[in-house]
Amino acid sequence: MDTQHLQAFVAIAESGSFSAAAERLHLTQPAISKRIALLEEQLKSPLFDRIGRQVALTRAGQVLLSKATLILSEVTAAQRAIADLKGEVEGKLSIATSHHVGLHYLPPYLREFSKRFPQVKLDLHFLDSEQAYHEILQGRFDLAIITLALEQDARLQSHNLWHDQLHFVAAPTHPLTAQSYLQLADLSQHPAIMPDTNTYTTQLVSNLFVTQNAALNIGMVSNHLDTIKMLLSIGLGWGILPKRILDNQLVILDVVHEPIMRPLGCIHHKQRSLNNAAKMFLQLLHKENHSITPTASQ
């Protein structure tokens, strides 16, 4: 089977449409359709049921998907292994990162890496930390640099790189800013703006409220911290944000609590061999006493 045909098939299966797959692979939709037609002709079986603009896998497609994913993964691993025999740092480095880490921590490292290894093609994807975690488990990226999970999967290798200190904050006009020595129960009386309850950050905060038998009253959710910052700045609630992105639009609330530290770091699959580019990027992230500093908030 032609690996390009399999790539098109997997892209359609994962995205749910021919047009989305074409965009993902930087191809025209007719080119994607032709690849699938040739693959179906070779297998003598339809792989997709066309339902309007969406597609669904047939039974044959379901059987092929797991095999095709494995085949493509092995082909990629073989290409990396052969390229790495030369000892050169080249090829593609695929990185998944959260918006916060990607915007406020990674830029200087990406800039330095690109200067040192211009022959490496950086393939950067912005995803929620939880989605990036899942993608690494599926073997779709070399590295993910994200908020680390509260409990790490044994299949993953984790590198703790930074600690993001979180603060309870609100707009200067919010009634909570006028109070001192606030307890978490005091915050329960007002709606919060938080990331989704399934995110690692909100789980961390929820656990803190549970330990003090207080209710976390979430009135609005957004997984983009800069969006939350904007919503808080216009007085729509209180929230909890990293110190790095705070400015004079928000006031740190006088809440009595232990410091809340959110671990940020890098993960990769233990069974996916790292190419030379990934190894060099990890070394750059770990290098001590260097001149690189994370990007400060504007």
Can you name the closest pair of heavy atoms from [X] and [Y] and give their distance?
X    : Y    : value
T202 : P195 : OG1-O, 2.9 Å
I267 : Q152 : CG2-NE2, 4.0 Å
A154 : K270 : O-NZ, 3.0 Å
K92  : N275 : O-ND2, 3.2 Å
A8   : I36  : C-CD1, 4.0 Å
F126 : G102 : CE2-CA, 3.8 Å

Counting N and O atoms only, with roles assigned by atom type, does the side chain of [X] sit under 3.5 Å from a partner on the main chain of [Y], one being a donor and the other an acceptor?
X    : Y    : answer
Q165 : P259 : no
T58  : P46  : yes
K229 : L241 : no
H269 : Q271 : yes

Taking a hydrophobic cluster as the set of Ile, Leu, Val, Met, Phe, Trp and Tyr residues connected by side-chain heavy atoms closer than 4.5 Å, whether directly or through intermediates, do [X] and [Y] fall within one such cluster?
X    : Y    : answer
I193 : I260 : no
L124 : V101 : yes
L285 : L122 : yes
L176 : L236 : no
V255 : V169 : no

Are the side chains of [X] and [Y] in touch, meaning some heavy atoms are under 4.5 Å apart?
X    : Y    : result
D2   : Q4   : yes
P108 : R111 : yes
W162 : P263 : no
L93  : L143 : yes
E112 : K287 : no
Y105 : L161 : no
D49  : V55  : no
L47  : F9   : yes

Polar contact flag, side-chain donor to acceptor under 3.5 angstrom, [X]-[Y]:
X    : Y    : result
Y200 : E151 : no
D196 : N223 : no
S66  : T69  : no
D186 : Y181 : no
S94  : D142 : yes
H159 : H268 : yes

### Query
Please, which pairs that meet ring pair (Phe, Tyr, Trp, His ring centres under 6.0 Å) have at least one residue in residues 52-79, sequence neighbours excluded?
none
### Task
Inspect the surroundings of CD in E41 and state if more than 12 heavy atoms from other residues, nucleotides or ligands are less than 6.0 Å away.
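No - once you tally the heavy atoms of other residues, nucleotides and ligands closer than 6.0 Å, there are 12 at most.
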### Message
Counting neighbours of NZ on K121 that are heavy atoms of other residues, nucleotides or ligands and sit closer than 6.0 Å, is the number greater than 12?
### Response
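Atom NZ in K121 is not packed in, count stays at 12 or less.
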### Task
Dump the intermediate steps for side chain to side chain contact (heavy atoms under 4.5 Å, CB included) on Q183 and V256, then the final yes or no.
CA-CA 6 Å; Q183 303 296 321; V256 179; 3.8 Å; yes
N/O donor-acceptor pairs under 3.5 Å from side chains in residues 18-31, not counting sequence neighbours:
| residue | atom | partner | partner atom | Å |
| --- | --- | --- | --- | --- |
| S19 | OG | S17 | OG | 3.3 |
| R24 | NH1 | E14 | OE1 | 2.9 |
| R24 | NH2 | E14 | OE1 | 2.7 |
| T28 | OG1 | A31 | N | 3.3 |

### Query
Can the ring centroids of F113 and F117 be said to lie less than 6.0 angstrom from one another?
yes
### Task
Kindly indicate, with the supporting measurements, whether the criterion ring-ring contact (aromatic ring centres under 6.0 Å, His included) is fulfilled by H174 and H190.
CA-CA 10 Å; H174 196 283; H190 301 267; 5.3 Å; yes
